[in-house]
Amino acid sequence: MVRRRSLAGLASTTVLGLALAGCSGSGGGDSTTQSSAGGQSSAASASAGPSGAAGSAGAAAAPADLAKFYDQKLKWTDCGHAKCTDLTVPVDYAKPGGPTIKLAIDKIPATGDSKGALVVNPGGPGGSGVDYAAAAASGYVVSKTVRSSYDVVGFDPRGVQRSAPITCYGDAQMDTYLGEDPTPDTAAEQQQVAKDSRAFGNACVDKTGDLIKHVSTVEVAKDMDVLRAALGDDKLNYLGKSYGTFIGSTYAGLFPKRVGRFVLDGVVPPDITGTQMGLGQAKGFEQATRSYVRDCVAQSNCPLGTNLDDGMARIRKFIKQVDTKPLKVTGQGDVTKLTEGWATMGIAEAMYDKNSWPTLTDAFQAAFNGSGDKLMALADQYAERNSDGTYSGNIMQAINAVNCLDRAGSSDLASYRQDAATFAKVAPTWGPMLAWGGLACGEWPVKATGKPERITAKGSGPILVVGTTRDPATPYEWAQRLAKELDNGHLLTYDGDGHTAYMMGSSCVDGVVDAYLVDGTVPAAGKAC
C-alpha cells in the first residue's frame, strides 16, 4: 500500500488501506522477464536493455529487438513553462514487436549550465511525474541550486494520467468505492468488502485491456531506462520519493552500471512482505498521529482534550461513530456523507505534512460540531478529487493495478481478521484498516508477476537514501534497511515529522542532498539532520 501525496502539498506519498485504495504490499518483479524486481538474470538483461558496463546511451548499447525504442529521438514542444514530448515503449517487453504505448514526458530546462537530466517521481503508485516536474518551475521539488544544474524531467508512468491511463470506474462509482467501510467488523461486511474489491478489479480489467497485465514496477523501471537513452544520458540521475524509491531501487537492481546520482527519499523496501508493509505503516501512522495529538493538546483550543491518551481515544471514538452515523457534507458533488472511509482518508492526509496539522484540528472541531466538510476537503486532497466530484488524476484507480502485479495478496478472510487483531495491539487507531487493505490484492483478477526480493545493485555508484524518523507512510526503519542492503547505499537521517524530507523545510537535509546531486559529495556515515 503505497501512495504519492497530492501535489497540493508537493510532498510525496505512500498510501494506505482498502478505502484508501492501497494494497498492503508493494514489491517488484515480472516473471516473464526476470525472477524478481532485483533479479539480474540473463533474461532480464536481454529484455530490459543494458545493465552492464556503460557505453552508448542509445540503441547501440541495447538488445537488437529494443533498439528502435532506445534509439528514438524526442521532439520537444513548448507547453507553458516546460518542454513536452512523448516516449514510445512496448506494452510487453517480452514481445517488443507487439503493441506500444506513449508515455507523457516534460522537461523544465536548467537555469544554468546543465549536467543533463534529473528524472523525478513523486510516488504513488499512480502519481504524475509530469505534474511533479512542472512544479519545479515554481520553486518546488528541487532547490535553486539543483535547478541551475539539471534539466528536471518528469514522466507519467504507464497506466498513469496521460500515459495510457488505467480506468476502472466513473467519478460517481469511485466516490462510492472510496467511501466504503475500511474496517469491516462482521462476516457480512467482510464478504461485502471482498465482493467490492473483486468488482473494482474486474472493472479495471474490462476497461483497460491487456495493459493491465503490464504496469508493474519492473516495467516502469525498464521504461525509465529507455527514457534515459532517449534523453542522451549514459547514466540516469534520479530523485524518487515514497513509491518512487521502489522504482529507483528496482532500476538500480536491473541497471546498476547505469545509476548516476540517485536520491531515494521515503523508502519502500523491495524485499518487504505484504504483512510487514501493512504493519509497518500501521505503526508509522500511529506514531505520526500521536505526534499530532501531542502537539494539539499542548494548545489551548484543541478539541481532542488535554492529554495524549485522551486525544488518541477521542479520535478512535470519532472514527467508530462515523462508521455507524456518517456526518453531513455539502458542496461535494455526489458525496453527501462523511463515511469512515472518507474520514480516515482526511485524517491520513494531514499526517503527511506537519503544516497540515492546524487544518486537521479545525476539521475535527467542525466534525465534532456536526459538519464533515473540512475533513472531506482533506480527503479530496488525498484522493486527487475536486469538490465538484471530478478527479484530477487516476492515482486511486491505478494504485491497485500496480501494487497487485508487484506482489500477490491473500483472499483468505480469516488471515485478515487475524492480522487486524495483531496490528491493533501496536496500532489501535490505524492497525485494523491497514490489515484489511491487503484484501484489494487478494481479490485482484490479474496474477501477480513479482515478489519481494532484496536488491543490492552491486556495481552501482553511491546511492543516497533519506529517512525521516517519524514518517507515517514509509517508516524510518525501512530507509535503514535499504541503505544497509544496497551495495553502495548511504543513509541520511532526518529527525522530524511528515513524509519524506528533501525540500520539506530542513535546510540541513536540502544542503546534503544538493551537495550530492551537484557535486557528488556523499554524506559521512551516520549523518543526521
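Positions are given from 1, in the same order as the sequence printed here.
Judged by distance alone, the side chain of S163 and the main-chain N or O of A104 form a donor-acceptor pair under 3.5 Å. No donor-acceptor pair under 3.5 Å is formed between the side chain of Y502 and the backbone N or O of V512. Between the side chain of N237 and the main chain of V119, no donor-acceptor pair closer than 3.5 Å is present. Looking at R147, its side chain never comes within 3.5 Å of a backbone N or O of G139 through a donor-acceptor pair. One N or O on the side chain of S506 and one on the backbone of V509 form a donor-acceptor pair closer than 3.5 Å.
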Practice prompt. Show the numbers, then the answer: is there a side chain to side chain donor-acceptor pair (under 3.5 Å) between S216 and D406?
Written response: CA-CA 6 Å; S216 70; D406 283 347; 4.7 Å; no
Worksheet entry | Worked check of salt bridge (charged side-chain N to carboxylate O under 4.0 Å, His left out) between D265 and K241 | CA-CA 5 Å; D265 183 5; K241 292 198 167 191; 3.7 Å; yes
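Among pairs with a residue in residues 515-526, none fulfils side-chain hydrogen bond (donor to acceptor under 3.5 Å, both in side chains), at least two apart in sequence or across chains. Screening residues 443-487 for disulfide (SG to SG under 2.5 Å) gives no qualifying pairs among residues at least two apart or on separate chains.
Looking only at atom types and distance, the side chain of E443 has no donor-acceptor partner in the side chain of S411 under 3.5 Å away.
For D495, the salt bridge (charged side-chain N to carboxylate O under 4.0 Å, His left out) criterion is met by R470, not counting sequence neighbours.
Taking the centre of each ring, F155 and Y132 stay at or above the 6.0 Å mark.
Annotation: cation-pi geometry satisfied between R385 and W342 (NZ/CZ under 6.0 angstrom from ring centroid, within 45° of ring axis).
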